[in-house]
Amino acid sequence: MEIQMWREILAPYDLAVQELVLKFSSLVRESREAGKYSYIERVDGRRKELSSILDKAKRKGVPIEQVTEKIYDIAGVRLICEFVEDISKVVDIIRSRPDMEVVSEKDYITDEKPSGYRSYHMIIRYEVTTIYGSKKVYAEIQIRTMAMNFWSTIEHSLQYKYSGNVPDDISEKLQMAAKSVYNLDNEMSLIRDDIMMAQEFSYGKARI
Ligand code: 0O2
């Protein structure tokens with residue numbers, strides 16, 4: 001397909017990422033300005049590069065004409081939480097939003113992947129309007145703790161470095177590190193109430 005054609009296809013996804021990042025960042029800001037603990041600590045977003053979309057389509061046997069219907073993470077947003085308990089709160093917030101239609105959910109926190117990967121994934125349908133008109137696109141929202149994010153970022157870059165064939169000894173070390181991440185999240189949960197109170201106190205003093 002031609003470059004202009006891809007621009008038209010991908011424009012709604014670029015806009016969806018921008019809008020979703022803005023909406024979730026606003027939730028963080030509003031909570032803090034109201035002196036309330038924010039269940040979301042940080043928001044990231046990206047539109048998948050065309051080369052990665054084409055790679056994924058090939059890997060999954062999806063014809064090029066069907067990428068927008070069969071690849072759900074062309075628009076991707078990542079919500080980073082401080083504590084595991086915050087993740088279900090964020091999931092509830094998303095489920096209750098009228099502008100985000102939840103299509104499917106994957107709980108890799110209860111059912112950790114064999115690699116050690118843990119994260120909560122939601123696929124949503126989200127409507128945007130560009131110069132080409134209105135369109136509902138799929139977007140993937142990944143929700144995870146800071147510790148889970150640290151692990152998955154390192155693991156992802158190793159997968160990239162070794163082109164998906166990470167040596168066994170490194171995979172084993174990653175699995176051990178994943179257990180440490182699990183333990184760290186549990187230990188941090190023990191002091192969650194104290195940290196929440198301290199944060200509400202400091203945000204409560206914020207300026208208008
Ligand atoms: P990238 O480069 O991050 O975009 P499916 O639901 O099976 O049809 P998919 O997309 O494989 O399709 O689903 P899944 O398993 O929910 O994975 C979606 C995304 O989650 C991946 O996107 C990764 O971002 C992340 N992910 C899944 N498994 C792992 C893992 O073992 N390690 C890390 N670090 N991330 C993982 P992409 O397109 O694979 O990659």
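Computed from heavy atoms alone, side chains included, the values below leave out hydrogens, waters and symmetry copies. Each ligand, and each atom within it, is numbered from 1 in the order the structure gives. Because the structure is a prediction, the values reported are computed rather than measured.
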Item to complete: Assess R144 against Y120: is NZ or CZ under 6.0 Å from the centre of the six-membered ring, and within 45 degrees of the ring's axis?
Response: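 No.
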Discussion item. Membership question, hydrophobic clusters at under 4.5 Å side-chain separation (ILVMFWY): are M146 and Y37 in the same one?
Written reply: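 Different hydrophobic clusters.
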Worksheet item: Are F24 and I123 grouped together when hydrophobic residues (ILVMFWY) are joined by side-chain heavy atoms under 4.5 angstrom apart?
Response: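 No; tracing contacts between hydrophobic side chains, which count when under 4.5 Å, never links both residues.
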Item to complete: Just do the salt bridge (charged side-chain N to carboxylate O under 4.0 Å, His left out) check on R46 and D44 with the steps written out, would you?
Response: CA-CA 7 Å; R46 63 99 185 96; D44 290 328; over 6 Å; no
Item to complete: Number the atoms of ligand 1 from 1 as they appear, then name those within less than 4.0 Å of a heavy atom of S152, with their elements.
Response: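 Reading through ligand 1 atom by atom, the close ones are 34 (N).
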Just to be sure I'm reading this right: ignoring hydrogens, which of [options] gets closest to [atom]? Compare them by their nearest heavy atoms.
atom                    : options                : result
atom 24 (O) of ligand 1 : Q142, K113, K56, R59   : Q142
atom 18 (C) of ligand 1 : M148, K106, E140, R118 : E140
atom 14 (P) of ligand 1 : Y160, Y72, Y108, Y117  : Y108
atom 22 (O) of ligand 1 : L158, L174, N149, D73  : D73
atom 5 (P) of ligand 1  : H156, K48, K60, E112   : K60

Fill in: Identified side chain to side chain contact (heavy atoms under 4.5 Å, CB included) partner of I9 from the options T68, I53, L50
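So, applying the side chain to side chain contact (heavy atoms under 4.5 Å, CB included) to I9 and each of T68, I53, L50, only T68 qualifies.
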Discussion item. As an exercise, state the distance from CD1 of I141 to OG of S119, rounded to the nearest 0.5 Å.
Written reply: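 If we round to the nearest 0.5 Å, I141:CD1 and S119:OG are 11.5 Å apart.
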Worksheet entry | ligand 1 contact on R144 by region, counting heavy-atom pairs under 4.0 Å |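 The answer is neither; R144 stays 4.0 Å or more away.
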Discussion item. For S115, which part has a heavy atom under 4.0 Å from ligand 1: side chain, backbone, both, or neither?
Written reply: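 Looking at S115 and ligand 1, just side chain atoms fall under 4.0 Å.
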Worksheet item: With a 4.0 Å cut-off on heavy atoms, does R46 reach ligand 1?
Response: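 It does; at least one heavy atom falls under 4.0 Å.
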Practice prompt. Considering heavy atoms of the protein only, find what lies nearest to atom 32 (N) of ligand 1 and give residue, atom and distance to 0.1 Å.
Written response: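 Nearest protein contact, heavy atoms only, for atom 32 (N) of ligand 1 is E155 OE1, 2.7 Å.
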Discussion item. When you compare ligand 1 with H121, is there at least one nitrogen or oxygen pair between them that comes in under 3.5 angstrom?
Written reply: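 Among all N and O atoms of H121, at least one is under 3.5 Å from an N or O of ligand 1.
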Worksheet entry | From CA spacing to verdict: side chain to side chain donor-acceptor pair (under 3.5 Å), Y182, E112 | CA-CA 10 Å; Y182 176 83; E112 170 184 313; over 6 Å; no
Practice prompt. Considering only NZ, NE, NH1 and NH2 on the basic side and carboxylate oxygens on the acidic side, decide whether K89 and E85 come within less than 4.0 Å.
Written response: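 Salt bridge: no.
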